[in-house]
Amino acid sequence: MPPRLRSALSAVLVVLSCFLTPFGALAAWAAYGLTDSGRYVTAMAPLAADPAVRDVVADTVGAGIMRGIHVDGMRGTVGGMRGTMAPFVHDAVHSFTKTEAFRLAWDEGNRATHDAVLHALRDEERSGAVTVDLAPVAAQVKHQLAHEHVPLADRIPVQHTEVAVLAAGELGPLREEFHVLEVAGFWLPVTAAAFAVTGITVAVRRRRAITATALGTALGGALLGLALAIGRQLTVSDLPAEVSQAAGGAIYDALTSTLRTVAWLLLGLGLTVAATAWLTRYVRPAREFVRRRRAPADAAATDRAQQPTRAQA
């Protein structure tokens with residue numbers, strides 16, 4: 001292959017590899033990071049200690065408990081009792097979010113939600129909404145209220161309340177996107193790596209190809225980090241008014257923590273390899289310079305060694 005054609009082919013392959021690298025990282029994160037229940041629960045576990053998330057949970061669970069309160073069927077008394085019990089319920093739920101039991105319930109709730117959504121995405125025959133039962137959480141809150149001797153806490157009903165986490169109309173399109181991500185999550189990184197190796201192999205100047213690939217990888221990592229920052233801003237700003245933006249931002253950061261780490265790794269690894277390749281270009285000239293400086297001295301020493309000594313003469 002002519003050198004000019006090899007250089008052109010190498011440049012095209014290197015550009016394609018650098019272009020596919022951030023998309024491959026994103027697809028692999030979505031296909032293998034978010035679909036693993038253990039990794040998902042581990043990523044969401046620190047949110048149990050986040051103040052904004054605890055406030056949202058206390059407000060949501062407390063409002064659900066108050067909606068289910070009935071006191072002996074006396075409608076006139078129910079409104080007053082609700083107003084009286086509301087502060088106690090909210091404080092009790094908020095206090096419950098600081099306990100170890102809440103952290104366990106938080107992990108189990110996230111695991112149940114993740115398993116339900118993942119099962120629905122992989123079940124082609126399912127078409128209904130994806131729901132999760134909050135009865136176990138309500139039962140633990142009721143026990144907490146009774147332990148604190150809150151009036152009428154033992155009459156709080158523990159009903160199997162099905163909370164929809166995924167609407168039926170969103171299941172079909174999301175399932176198609178999920179299948180695309182499963183395929184892209186494997187093939188995009190493999191294709192990017194194959195393009196990079198092939199581009200470096202066919203290059204006429206391989207050190208220059210390695211440097212270009214490394215700099216392109218670092219640029220892809222920087223663009224991925226920038227995209228995550230912009231995506232966070234757009235996600236938080238698009239939340240409904242009744243949803244806490246602080247809690248939404250905390251959840252976004254927890255879910256994308258691995259992807260942010262990958263972006264920093266791509267940036268750091270690319271810059272390190274590029275700097276190493278740039279520095280090695282001076283190693284051979286330095287060796288040649290040292291060899292040339294030593295050559296006259298070695299030649300003189302050889303000539304002196306070949307001359308006969310007085311004793312030999």
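Counting from 1, the numbers follow the sequence of the chain as shown. Basis for what follows: all heavy atoms, side chains included, without hydrogens, waters or symmetry-related copies.
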Can you give me the closest heavy-atom contact between [X] and [Y], atom names plus distance?
| X | Y | result |
| --- | --- | --- |
| Tyr40 | Asn110 | CE2-O, 3.7 Å |
| Ala31 | Leu181 | CB-O, 3.3 Å |
| Arg6 | Thr201 | NH2-O, 4.5 Å |
| Gly221 | Leu266 | CA-CB, 3.8 Å |
| Gly199 | Ala209 | O-CB, 4.4 Å |

Mark yes or no for whether Thr217, through its side chain, and Thr213, through its backbone, hold a donor-acceptor pair below 3.5 Å. yes
Please check if atom CZ in Arg103 has more than 12 non-hydrogen atoms from other residues, nucleotides or ligands closer than 6.0 Å. yes
Check this for me: Phe23, atom CZ, are more than 12 non-hydrogen atoms of other residues, nucleotides or ligands nearer than 6.0 Å? no
[Y] and [X], any side-chain heavy atoms less than 4.5 Å apart:
| X | Y | answer |
| --- | --- | --- |
| Val262 | Trp29 | no |
| Trp106 | Val57 | yes |
| Arg122 | Glu182 | yes |

Go through it in stages, so that I can follow the logic: the residues are Tyr252 and Val236, the test is side-chain contact (heavy atoms from CB on, under 4.5 Å), and I'd like the CA-CA distance, side-chain angles, deciding distance and then a yes or no. CA-CA 9 Å; Tyr252 183 93; Val236 173; 5.6 Å; no
